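What follows is a short report on a single structure.
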Amino acid sequence: MRLDSRWSEVDVSVEADRITGGGLRVPRRSLLLGGLGVVVASTALAQETASRPVRLGQVSLSFYAVTGAVVAEVLRRLGHSVKVRVGPHEKMFPMLAAGEIDLMAAAWLPEGHAQYWSQYGDAATQVATLYGDARFFWAVPSYVPADEVASIADLAKPSVASRMTRNIQGIGAGAAISRLSEQVLDLYQLRASGYSFRPGSQSDWISAYKQAVAERRWVIFPTWAPQYLNEGQLLRPLADPKRTLGGANNAVLVAPTEKFNDLPARTRLVLSRIEIGIDGVTAMDRMVNAEGLTPEDSARLWLGLNDQKVNSWFEA
């Protein structure tokens with residue numbers, strides 16, 4: 001699935017009602033695995049209403065889309081309508097600071113989005129840790145021999161550089177992984193060996209990887225977890241002895257403090273309890289990119305399969 005990097009706004013409440021109300025067919029497997037139960041539960045759990053839609057911001061990448069879809073569904077069960085505002089990192093964080101969104105899913109802290117957070121997070125509240133162990137890394141396909149390429153430093157070896165695709169395809173220039181990848185090239189002195197980094201869309205990034213794998217080429221894949229291509233041991237992370245790409249982060253649901261305090265107390269409580277886990281986000285990302293579900297359908301399916309956990313978020 002390609003998510004447009006341009007800023008956009010979607011009325012999730014209208015779309016959700018259209019899908020679950022029969023106007024659009026939900027995949028049969030989703031229904032069999034609990035989709036109908038989710039719809040029934042959402043009606044029973046909706047106890048509060050809001051005078052205006054909650055504006056939910058998210059970065060235009062699929063793993064943010066599924067994470068945001070879970071948050072949006074929780075809000076809808078609480079009786080809120082939701083407008084999702086989507087854009088690149090460099091647009092969403094200023095919107096957070098300006099109070100142009102009420103929630104944002106999500107900021108990677110303490111390291112991943114540290115630069116944005118230090119600039120735009122002073123008036124924001126950390127609401128909930130949606131998943132932990134989020135991290136950036138460079139990887140190669142598993143068929144690249146580990147005894148030849150085990151570390152980012154190995155990429156500078158002439159025997160490796162001669163075989164490696166040295167034009168590294170990334171995602172948007174404003175993404176942390178893109179900024180950090182440029183630093184990797186400098187700190188490991190890889191530009192001298194002919195390496196370069198090219199930003200692009202998520203579609204460009206996935207296509208470059210899949211084409212290289214189809215041709216069995218050696219290729220560097222700047223990536224992160226959670227991300228669906230991490231499943232199945234198709235990728236092998238490279239050691240980063242200089243720790244340029246940082247360590248583990250928490251993906252945090254954040255909000256402008258004033259806007260968050262304006263939400264009903266029950267809404268604030270339930271939002272603070274949301275915990276998806278990195279495996280859950282990875283699974284939903286696969287549903288979108290490999291199985292063709294929408295982020296909203298993947299979120300509903302995951303919620304239905306994890307109803308005991310989800311119900312605990314709504315307990316009094």
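Quick caveat, the model's predicted, so the values are computed rather than measured.
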Connected via hydrophobic side-chain network under 4.5 Å: W205 and L180: yes
What one should report as the nearest heavy-atom pair of G68 and A105 is CA-CB, 4.1 Å
Donor-acceptor pair, side chain of R55 and main chain of G99, under 3.5 angstrom: yes
Keeping the roles fixed (side chain from R266, backbone from F314), state whether a donor-acceptor pair exists under 3.5 Å. yes
If we check ring pair (Phe, Tyr, Trp, His ring centres under 6.0 Å) with W224, which of these qualifies: Y64, W138, F63? F63
Considering only NZ, NE, NH1 and NH2 on the basic side and carboxylate oxygens on the acidic side, decide whether D133 and R135 come within less than 4.0 Å. yes
Among the clusters formed by ILVMFWY side chains lying less than 4.5 Å apart, do V270 and V252 turn up in the same one? yes
Within the 4.5 Å heavy-atom criterion, are S196 and I168 side-chain neighbours or not? no
Does W108 have its ring centroid less than 6.0 Å away from the ring centroid of F136? yes
Heavy-atom side-chain contact between Q211 and R217 under 4.5 Å: yes
Within 6.0 angstrom of Q115 CD, more than 12 heavy atoms from elsewhere: no
Looking only at atom types and distance, does a side-chain atom of Q227 sit under 3.5 Å from a main-chain N or O of L229, one as donor and one as acceptor? yes
Exam field: side chain T257 to backbone A123, donor-acceptor pair closer than 3.5 Å: yes
When you look at S151 and D154, which way does the side-chain hydrogen bond (donor to acceptor under 3.5 Å, both in side chains) test go after all the steps? CA-CA 5 Å; S151 163; D154 291 332; 5.0 Å; no
Could you report the tightest heavy-atom contact between P222 and G170, atom names first, then the distance? CG-CA, 4.3 Å
Just wondering, do L96 and Y116 contact through their side chains at under 4.5 Å, heavy atoms? no
Student check: side-chain heavy atoms of S62 and D285 closer than 4.5 Å: yes
Scanning both residues in full, the closest heavy-atom pair of V54 with H80 reads CG2-ND1, 3.7 Å
Judged by atom type as modelled, is there a donor-acceptor pair below 3.5 Å linking the side chain of T282 to the main-chain atoms of I278? yes
Are N289 and Q202 side-chain neighbours, meaning at least one heavy-atom pair lies under 4.5 Å? yes
Note: D262-K259 ion pair, threshold 4.0 Å (strictly below): no
Looking at E90 and R179, does any basic side-chain N land under 4.0 Å from a carboxylate oxygen? no
Give the minimum heavy-atom separation between L155 and A161, together with the two atoms involved. O-CB, 3.7 Å
Is it true that K157 and E148 have a side-chain N and a carboxylate O under 4.0 angstrom from each other? no
Between V82 and I274, is there a shared hydrophobic cluster once you connect ILVMFWY residues whose side-chain heavy atoms come closer than 4.5 Å? yes
Answer yes or no: are there more than 12 heavy-atom neighbours, outside Q308 itself, under 6.0 Å from its atom CD? no
All heavy atoms of A106 vs all of L130, minimum pair found to be CB-CD1, 3.9 Å
Is L269 reachable from L78 through a run of hydrophobic residues whose side-chain heavy atoms are each under 4.5 Å from the next? no
Under 3.5 Å, is there a donor-acceptor pair between the side chain of D297 and the main chain of L293? no
Name the one of N250, I276, N249, L109 that satisfies side chain to side chain contact (heavy atoms under 4.5 Å, CB included) with T129? N250
At their closest point, which heavy atom of R268 faces which heavy atom of N261, and how far apart are they? NH1-O, 3.3 Å
Is L61 reachable from F137 through a run of hydrophobic residues whose side-chain heavy atoms are each under 4.5 Å from the next? no
Does a donor on one side chain and an acceptor on the other come within less than 3.5 Å for D240 and Y188? yes
Would R236 and S142 count as a side-chain hydrogen bond (donor to acceptor under 3.5 Å, both in side chains) here? Give the steps. CA-CA 5 Å; R236 180 168 55 78; S142 57; over 6 Å; no
Taking the side chain as every heavy atom from C-beta outward, state whether M104 and M92 have any atom pair closer than 4.5 Å. yes
Test item: V71 and L271 side chains (from C-beta on) under 4.5 Å apart, heavy atoms: yes
Six-ring centre of W313, R273 cation under 6.0 angstrom, axis tolerance 45°: no
N-O pairing of R52 and D102 below 4.0 Å: yes
So L253 and L103, do their side chains get closer than 4.5 Å, heavy atoms only? yes
If you measure from the Lys or Arg side-chain nitrogens to the Asp or Glu carboxylate oxygens, is any gap between E111 and R243 under 4.0 Å? yes
R286 and E291 ion-paired at < 4.0 Å: yes
With no hydrogens and no angle check, is any side-chain donor or acceptor of Y120 less than 3.5 Å from a backbone partner on A98? no
With the threshold set at 4.0 Å, does a side-chain nitrogen-carboxylate oxygen contact exist between E73 and R77? yes
